[in-house]
2 protein chains.
Amino acid sequence: MLHVAEAARVSVATVSALINGTATVSPGLSQRIEQAIRDIGYKRNAIARSLKMGTTRTIGLTVPHITNPFFTDVVSVIQQAFDRAGYAVMLCCTDEDLNTQDDQIRLLLDRMVDGLIVARVGDGAILKRIVDDANVPVVLLDRVCEGVDTDAVVLDNQRAVFDAITHLIDLGHRRIGYISGSFDISPMHDRMTGYREALQAAGLPVESELVRFGNFHEVDGYNATMQLLSLHDRPSAIFSANNPMVIGTMKAIRDIGLSCPEDISVACFDDFPWSDVFQPQLTTVAQPVKAIGEQAANLLLDRLAGNRDAPPRKLTLKGRLMIRNSCRPLGAPLGAIAQSVSA
Amino acid sequence: MLHVAEAARVSVATVSALINGTATVSPGLSQRIEQAIRDIGYKRNAIARSLKMGTTRTIGLTVPHITNPFFTDVVSVIQQAFDRAGYAVMLCCTDEDLNTQDDQIRLLLDRMVDGLIVARVGDGAILKRIVDDANVPVVLLDRVCEGVDTDAVVLDNQRAVFDAITHLIDLGHRRIGYISGSFDISPMHDRMTGYREALQAAGLPVESELVRFGNFHEVDGYNATMQLLSLHDRPSAIFSANNPMVIGTMKAIRDIGLSCPEDISVACFDDFPWSDVFQPQLTTVAQPVKAIGEQAANLLLDRLAGNRDAPPRKLTLKGRLMIRNSCRPLGAPLGAIAQSVSA
DNA sequence: AGAGGGCGATGAAACGTTTCGAAAATGATG
DNA sequence: CATCATTTTCGAAACGTTTCATCGCCCTCT
C-alpha cells in the first residue's frame with residue numbers, strides 16, 4: 001500500500017479510503033490510485049488488516065471425522081455458506097480425541113478466528129472453559145453439552161430412534177440388537193433412550209445383552225455385531241447408532257455367513273448417497289444435513305453480524321425414517337419384503 | 001504481552017525472548033514472567049506474529065467437491081498431516097467452478113497462507129498466473145496442468161483405466177460404454193486415453209456413440225447412462241470415470257428395469273468404503289488415497305521447511321483394480337460370476 | 001471582503017508481535 | 001580495584017493496515 005501511495009503521489013490514508021470506500025476521494029486521485037494498484041499488482045494484506053481490525057473473517061470448524069458421511073455433508077454445506085458470506089473456514093478433525101480437540105481449538109483461537117462451530121468430543125468441561133474465556137461466538141453442532149450455554153443445532157435423536165425401533169417392532173421383531181457409541185456425547189445418550197422407550201412402549205424388555213458399545217468406527221461395529229450374532233438367542237434385527245459402525249455390521253453379517261434381510265434385519269443412523277442403489281437398501285434415519293449445516297452457519301453468521309447478546313438459541317431438527325428393504329417383516333414369507341419398501 | 005511485561009516488571013522484549021526461547025533469560029525473571037502469564041491468562045496473538053514474521057503456519061487446500069469420497073479421504077489425510085506439523089488448514093470447495101476457484105485462491109493468498117494444495121478445475125491459464133505471482137509453494141493434486149511447473153501428485157490414470165477396460169474385455173465384453181468428465185482436467189483426458197488404448201490393443205473399434213460426457217455429478221452419470229442404454233445396440237458394460245457419476249449409472253440401470261451384473265456390467269473409478277458389503281459389489285479402480293494425501297502434504301511441508309529451489313517434483317502413483325462381482329463374464333452362465341470375484 | 005461550512009486529503013498513532021543494536025549488569029582477570 | 005569480556009535486559013523500529021484529528025481549500029452567505 002505504501003508503494004501504491006508513492007506511485008500515485010498520495011498518502012496511504014487516501015489509498016485506504018478508496019479501497020474501503022470509507023471516505024470520498026476525488027475522481028482524479030481515484031484514477032491515479034487505481035492505475036497504481038493495477039501497475040503494481042497490489043493486494044491488500046489481510047493479516048495486517050486483521051490485526052488492526054480485530055477480525056479475521058475466518059471461522060473454525062471442528063468435527064470428529066470428516067470421513068463420516070454425515071459430517072462430510074455438513075462440513076460441505078457449512079463451507080459453502082461461509083464461502084458465500086466471504087469467510088474462510090479452518091477445518092480440524094479431532095478423531096474423537098479429547099486432547100486433539102483441545103489443541104485444535106486453542107490453535108484456532110490463537111489465530112483469532114471470529115467464531116467457532118464445534119461438533120464436540122468427550123467431556124464438556126474443558127470445552128466449556130476454553131469457550132468461556134475465548135471471546136468469540138460458538139455454535140455447537142450435533143452434540144450439545146450441558147453447562148455450555150451457547151447456540152446449538154441438534155437432531156431430535158430420541159424421537160428418531162424411537163421411530164426406527166418402533167418400525168422394527170411393527171415388522172414383528174422382538175429381539176433387537178443395538179450398537180451405540182459411548183455415552184459421553186449427548187446424541188448417543190438420547191438415541192439409547194429412544195431405543196429403550198420404544199421397547200417399553202411396546203411392552204418389550206430391555207435386555208442388556210442386546211446392547212453393545214463401540215467407539216464409532218467400523219471395526220467397533222464389526223466386533224459388536226459379532227458378539228450379538230453369537231448370542232445364544234440371537235437378535236432378529238440390529239440397529240447401529242452411526243454410519244461407519246453399520247459397515248462393520250454388514251461385514252460381520254457377511255463373514256459369519258448370514259444375509260440381510262433374510263437372516264437378520266439391519267437399520268442404522270445416518271443416510272448416505274448409495275443407500276438406494278445397492279442391495280440390501282438400508283433402512284436409515286436420515287438427518288437433514290443441509291438444514292443442519294445451514295442453520296449452524298446462520299446462527300454463527302448472525303452472531304458475527306453483531307447480534308451478540310441474544311440468549312442462546314437451540315435448534316432441534318427432526319430426522320426422517322427412510323424405510324427400505326434391509327428390514328423384513330418377521331413371520332411373513334420372504335416375498336413380502338417388497339411390500340414393506342417405500343421409495 | 002504488554003500487560004505481562006508490566007506485571008512481571010520487565011520489557012516486552014524479554015517476554016518475547018522467554019516465550020520463543022530466542023535468548024536466555026535469567027531464572028529469576030523467567031519465573032516472574034511465567035507467573036504473570038498464568039495470572040493474566042496470556043495467549044500469544046498469532047495474527048500479530050504472522051504479520052511480523054511473514055508466515056502464518058496455515059495452508060490453503062482447494063478441492064472440487066468434498067463430498068466426492070476420493071476427495072473426502074484425501075482431504076482427511078492432508079488435514080491430519082498438517083495438524084501433526086502444527087499447521088492449520090483452510091479448506092475451500094470450488095464446486096468444479098473456475099471463477100469460484102479463482103476467488104477462493106485469491107482469498108487464501110490474501111490471508112497469507114504459507115502454501116497451497118490445489119485440485120484444480122477448468123483452464124489452467126488463470127491458475128498459472130495466480131500461482132506465479134503468489135510467492136508461495138503450490139502442490140497440484142490429482143490434476144496437473146501444463147504450463148504450471150510445480151510439485152504435483154497424480155495417478156497413472158491412463159494405465160489404471162487401461163487395466164480396468166482390459167479386464168472387461170477379458171470377460172468377453174466387446175461394446176463397453178464409457179462416461180467421462182470434461183477434458184479440461186488432465187485425469188479425464190488420460191483416463192479416456194486408457195480406454196481407447198485398451199480397445200485398440202484388443203483390436204476393438206472405438207465407437208463415439210459409446211462415449212458420453214458429464215460434469216462429474218450424479219445426474220450427469222444418470223443422463224449419460226440413459227443415453228447409452230437406449231442405444232440401438234446397447235453396450236454390455238459401462239465404465240464411469242468418477243464415483244458420483246456411477247451412482248447415477250446405477251440409478252439409471254435400476255430405473256430402466258435392468259439389473260447389474262445380469263443385464264449389464266458396471267465398473268468405475270474410485271473405490272469407496274461400502275463397495276464390498278452391498279450388492280452388486282462394484283469393480284473399481286482404487287486410488288491410493290492415503291499415499292496421495294501424504295505425498296502431497298510431504299511435498300508441501302518440504303518446501304515450507306525451506307527447500308524452495310529444488311526443481312518441481314511430479315509423483316505418479318499407481319491405481320489398483322479391485323475386481324468384484326459387478327462385471328460378469330459374457331457368454332458364461334450366471335453362476336460363473338462368483339468365480340470371477342476375488343477378495 | 002471576511003467568516004463559516006463542507007469536502008478532500010493527510011500525518012501519525014495504533015494493533016501485538018519480533019528483532020537488532022545498544023545498554024546494563026555480571027563475572028573474570030590482571 | 002580497574003578493565004575487559006560475557007551475559008542478560010531493554011528501547012525502539014518494523015510488519016501493513018485503519019482511523020481519527022487536523023489541515024487546507026473552495027464555495028457560499030452575509
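Numbered from 1 within each chain, the chains take letters A, B, ... in sequence-line order.
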Mapping A:I19 and B:A23 to their closest nucleotides on DNA chain D, which lands nearer the 5' end?
B:A23
Is any NZ, NE, NH1 or NH2 atom of the basic residue among B:D302 and B:R313 found under 4.0 Å from an Asp or Glu carboxylate oxygen of the other?
yes
Taking 4.0 angstrom as the limit, do B:K128 and B:D132 come out as a salt bridge?
yes
Spacing of [X] atom [atom1] relative to [N] atom [atom2], expressed in whole Å:
X: A:L2; N: C:dG11; atom1: CG; atom2: P; value: 12 Å
X: B:I33; N: D:dC10; atom1: CD1; atom2: C1'; value: 12 Å
X: A:L18; N: D:dT17; atom1: CG; atom2: P; value: 14 Å
X: A:R57; N: D:dT17; atom1: CZ; atom2: C1'; value: 16 Å
X: A:N20; N: D:dC20; atom1: CG; atom2: P; value: 13 Å
X: A:M112; N: C:dT17; atom1: CE; atom2: P; value: 10 Å

Does either side chain, that of [X] or that of [Y], offer a donor lying less than 3.5 Å from an acceptor on the other one?
X: B:E294; Y: B:N298; value: no
X: B:R111; Y: B:T58; value: no
X: B:R38; Y: B:Q35; value: yes

Would you mind reporting whether A:R44 and A:N20 have side-chain heavy atoms less than 4.5 Å apart?
yes
State whether [X] places a side-chain N or O below 4.0 Å from either non-bridging phosphate oxygen (OP1 or OP2) of [N].
X: B:T24; N: D:dT8; value: yes
X: B:S16; N: C:dT18; value: yes
X: B:S26; N: D:dT7; value: no

Just to be sure I understand the rule, does B:I47 reach a base, reach only the sugar-phosphate, or reach nothing, if contact means heavy atoms closer than 4.0 Å?
nothing
Can you tell me if B:Q31 has over 12 outside heavy atoms packed within less than 6.0 Å of its CD?
no
Using atom names, set out every protein N or O paired with an N or O of nucleotides 14-16 of chain D below 3.5 Å, distance rounded to 0.1 Å.
| from | atom 1 | to | atom 2 | distance (Å) |
| --- | --- | --- | --- | --- |
| D:dA14 | N3 | B:K52 | NZ | 2.8 |

